[in-house]
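Beneath this line is the structure, given in structure tokens, with notes to follow.
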Amino acid sequence: MIARWWHAMRRRREDAAAARRPIPDDLWRRTLVRYPFLRRRDAAAAAELRRLTSLFLDRKEFSAGGGLRLTDAIVVAIAAQAVLPVLRLGIDRYDGFVGIVVHPDQVVARREVTDEHGLVHEYDEVLAGEAMEGGPVMLSWRDVRAAGLGGAGGYNVVIHEFAHVLDMADGVADGVPALPPELPRSEWLGVLRSEYEAFVQRVDAAGDDAPAMALDTYAANGPEEFFAVASESFFVDPVALRTDHPALYALLGRWYRQDPATETAPRRGGAA
């Protein structure tokens, strides 16, 4: 009885928060048209995605860099994609950070690395997005837009960076998010490592002539990037991932508690 009371109270608080940030019907429709992978066949799932988007907007703080002017279309597009991975996990998974910084384009970050001899090397890294433990999450609006209609393959910088947020829940970015009891760590690692190692071998063997694959070759940069890139493909191009990596698709489906290959509504004028 206490658990039911607590759940009801929490739901009322969340609904009140979501009501503070309502999304106009026309803007929501345009967002779903621009990013068709957000559309769900099930009406309840579709409504929950919209509710969580409003809740995300109420809880998080958006800021702009590089002269970008934040608009409702920008923040709703980012929020809707950010909550897609936690549609059935709960938005509390994002409680560890508040800020989202949006730049008009990719940014250059100065990096330092110390080699085995203690020498410090500096270099520049071009970033489309970055998630840091405790926040903020940085995103390039140009790259966010690239995930919309006409976007290439399963590329999605928002899902990629928020997969990193989920991965870092235990303080370590290692490709292993907080797992439920029914998904043992040993099973997760068994599938992830096998898929990752096979993918790295495939990329190395192909070299510069790597054919089109369900996963971008950036996934070969480490288990944490493999998980993030696989999450992109899982939500944006699920049929390709299920075809190319059935075991990986099944594993992610158990973790995210979703099956995008069957749950995503078909594009207008096209098949699922």
Side-chain angles (χ1 to χ4, degrees), residues 30-31 34-38 53 56-57 60-85 94 96-113 120-168 173-175 199-200 203 208 210 212-237 240-241:
R30 285 188 281 117
T31 302
R34 178 75 189 180
Y35 305 94
F37 56 85
L38 291 171
T53 301
F56 186 94
L57 292 171
K60 305 306 179 187
E61 296 177 0
F62 282 80
S63 59
L68 178 71
R69 184 177 68 87
L70 285 178
T71 64
D72 289 344
I74 289 176
V75 298
V76 168
I78 291 172
Q81 292 174 76
V83 301
L84 181 59
Y94 295 152
F97 80 100
V98 174
I100 297 126
V101 182
V102 189
H103 291 268
D105 209 331
Q106 297 177 357
V107 300
V108 178
R110 193 65 173 168
R111 303 297 199 197
E112 289 186 357
V113 61
V120 177
H121 303 272
E122 295 185 345
Y123 64 98
D124 290 332
E125 183 178 8
V126 179
L127 301 173
E130 185 175 38
M132 292 166 279
E133 186 180 0
V137 174
M138 185 281 289
L139 298 166
S140 154
W141 174 237
R142 182 172 71 87
D143 286 84
V144 174
R145 285 177 57 87
L149 282 172
Y155 179 68
N156 189 291
V157 67
V158 179
I159 292 174
H160 184 104
E161 298 307 331
F162 280 85
H164 280 317
V165 171
L166 295 171
D167 183 12
M168 291 188 292
D174 57 1
F199 182 75
V200 171
V203 171
D208 294 335
M213 296 181 284
L215 299 179
D216 187 272
T217 55
Y218 188 73
N221 284 1
E224 73 283 2
E225 298 299 348
F226 186 75
F227 170 65
V229 173
S231 295
E232 296 178 61
S233 184
F234 179 77
F235 287 107
V236 180
D237 200 6
L241 183 67

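Not measured: the values here are computed from a predicted model.
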Heavy-atom check, side chain of Ile74 versus side chain of Leu68, under 4.5 Å: yes

Ala131 backbone acceptor or donor facing Glu161 side chain under 3.5 Å: yes

Tell me the closest heavy-atom pair linking Pro104 and Ser140, and the distance in Å. O-OG, 4.3 Å

How close do Val75 and Leu70 get, counting heavy atoms only, and between which atoms? CG1-CD2, 4.3 Å

Distance col, row Met138:CE vs Met132:CE, nearest 0.5 angstrom, shows 7.5 Å

Passes side chain to side chain contact (heavy atoms under 4.5 Å, CB included), Glu225 versus His160? Steps please. CA-CA 8 Å; Glu225 298 299 348; His160 184 104; 3.0 Å; yes

Sub-4.5 Å side-chain heavy-atom contact between Leu166 and Pro85: yes

Ala173 versus Glu224, closest heavy-atom pair with distance: O-CB, 3.6 Å

Look only at the side chain of Tyr94 and the backbone of Ala82, and say whether a donor-acceptor pair between them is shorter than 3.5 Å. yes

Measure the shortest side-chain to side-chain distance between Leu215 and Ser233 over non-hydrogen atoms and say whether it is less than 4.5 angstrom. yes

Exam field: side chain Gln106 to backbone Leu127, donor-acceptor pair closer than 3.5 Å: no

Flag the pair Val137 / Val101 as yes when at least one side-chain heavy-atom distance between them is below 4.5 Å, and no otherwise. no

Here the pair of heavy atoms bringing Gln81 nearest to Ile159 is O-CG1, 3.9 Å

Shortest non-hydrogen separation from Ala128 to Val157 and the atoms involved: O-CG2, 3.5 Å

Between Lys60 and Phe97, is there a donor-acceptor pair closer than 3.5 Å when you use the side chain of the first and the backbone of the second? yes

Under the side chain to side chain contact (heavy atoms under 4.5 Å, CB included) criterion, do Tyr35 and Asn156 qualify, and how do the steps go? CA-CA 10 Å; Tyr35 305 94; Asn156 189 291; 5.6 Å; no

Got a donor-acceptor contact below 3.5 angstrom from the Asp167 side chain to the Gly175 backbone? yes

Heavy-atom distance under 4.5 Å between the side chains of Val107 and Val126, does that happen here? no

Closest heavy-atom contact between Ala163 and Ala228? CB-CA, 3.9 Å

Within-4.5 Å side-chain heavy-atom neighbours: Phe235 and Leu38: no

Hey, are the side chains of Glu61 and Val98 touching, using non-hydrogen atoms and a 4.5 Å cut-off? yes

Could you give me the CA-CA distance, side-chain angles and deciding distance for Phe37 and Leu84, then say whether side chain to side chain contact (heavy atoms under 4.5 Å, CB included) is met? CA-CA 10 Å; Phe37 56 85; Leu84 181 59; 4.0 Å; yes

Hey, could you give me the OG1/CD1 distance between Thr53 and Ile78, rounded to the nearest 0.5 Å? 12.0 Å

Answer yes or no: is there a side-chain heavy-atom contact under 4.5 Å between His103 and Leu139? no

Go through it in stages, so that I can follow the logic: the residues are Asp237 and Tyr155, the test is side-chain hydrogen bond (donor to acceptor under 3.5 Å, both in side chains), and I'd like the CA-CA distance, side-chain angles, deciding distance and then a yes or no. CA-CA 9 Å; Asp237 200 6; Tyr155 179 68; over 6 Å; no

Test side chain to side chain contact (heavy atoms under 4.5 Å, CB included) on Phe199 and Val229 and set out the steps. CA-CA 12 Å; Phe199 182 75; Val229 173; over 6 Å; no

Phe227 and Phe234: aromatic ring centres closer than 6.0 Å? no

